[in-house]
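Worksheet: one structure, shown below.
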Amino acid sequence: MKSEPESYSIDDMKRDGTTTWDGVRNYQARNYMQKEMAPGDLILFYHSNAEPTGVAGIIEVAGPPGPDETAWNHKSPYFDPDSKRDQPTWYCVPVKFKKKFARVIGLAEIKANKKLGSMVLVKPGTRLSVQPVSKEEFEIILELAD
DNA sequence: GCCAACGTTGGC
DNA sequence: GCCAACGTTGGC
């Protein structure tokens, strides 16, 4: 899961302990949260548009997906008048902090690692803020963080 | 700040 | 249904 640290960083995540991954307004990213994630799944927390950009730590799916309430909040930047109470357009999952890496695993380092060449993250033109990571890829990132 | 890549919107 | 215009993402 990607976040710009200027708006929400791994340090914010650590401070809060848990949060709801709301505000996602891309159907493919929503589908991953609504249909592919299960409580207990581990997640790489990625800092985008940052210095440095890269994986900053690990979080975990803390519960089942639910409607994204920000879509109903007129004051929210994520307000979406098309999302109805009885048929929400947007879903999100609660997440909880697990670990902050001692260093950020930079995008360049990930790109340079041959074993990570098939990560969705490094595929050209992939801008999804929520994207799948294989178990193998996840473990390689973990090793790099040690 | 630039710009390529992509998703969405809306006219036709 | 096509596609141009526009907005957003995100690396650099």
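Each chain gets a letter, A, B and so on, in the order its sequence line appears, and its residues count up from 1. No experiment lies behind these values; they were computed from the predicted model shown.
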Spacing between [X] atom [atom1] and [N] atom [atom2], to the nearest angstrom:
X        : N      : atom1 : atom2 : answer
A:Glu4   : C:dT8  : CD    : C1'   : 10 Å
A:His47  : C:dT9  : NE2   : P     : 17 Å
A:Asn26  : B:dT9  : CG    : C1'   : 15 Å
A:Tyr46  : C:dT9  : OH    : C1'   : 11 Å
A:Tyr8   : C:dG10 : OH    : P     : 18 Å
A:Glu51  : C:dG11 : CD    : P     : 11 Å
A:Tyr78  : C:dG7  : OH    : P     : 19 Å
A:Gln131 : B:dA5  : CD    : C1'   : 15 Å

query = Considering only C:dG10, B:dG7, C:dC12, which nucleotide approaches the side chain of A:Lys111 most closely?
reply =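 Given the options C:dG10, B:dG7, C:dC12, the side chain of A:Lys111 is closest to C:dC12.
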message = Base, sugar-phosphate or nothing for A:Lys123? Non-hydrogen atoms, less than 4.0 Å.
response =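 Contact class for A:Lys123: none.
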ask   = Are the charged groups of A:Glu60 and A:Lys99 less than 4.0 angstrom apart, N to O?
value =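 The answer is no: the pair does not qualify as a salt bridge.
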task = Would you mind checking if A:Lys100 and A:Asp11 are paired as a salt bridge, meaning a charged N to carboxylate O distance below 4.0 Å?
result =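 Looking at A:Lys100 together with A:Asp11, the answer is yes, because their closest N to O distance falls below 4.0 Å.
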ask   = B:dC6 phosphate, OP1 or OP2: any side-chain N/O from A:Tyr27 under 4.0 angstrom?
value =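 Negative; the distance criterion is not met.
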request  = Establish, with yes or no, whether the OP1 or OP2 oxygen of C:dT9 is under 4.0 angstrom from a side-chain nitrogen or oxygen of A:Lys2.
outcome  =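 No, because none of the side-chain N or O atoms of A:Lys2 sits under 4.0 Å from OP1 or OP2 of C:dT9.
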inquiry  = With a 6.0 Å cut-off on the ring centroids, do A:Tyr91 and A:Trp21 count as close?
reply    =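 No.
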message = Using heavy-atom distances to pick each residue's nearest nucleotide on DNA chain B, tell me which of A:Asp82 and A:Asn49 is more 5'.
response =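 With A:Asn49 and A:Asp82 compared, the 5'-side residue is A:Asn49.
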From CD1 (A:Ile140) to CE (A:Met119), nearest 0.5 Å =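 Result: 9.0 Å between the selected atoms.
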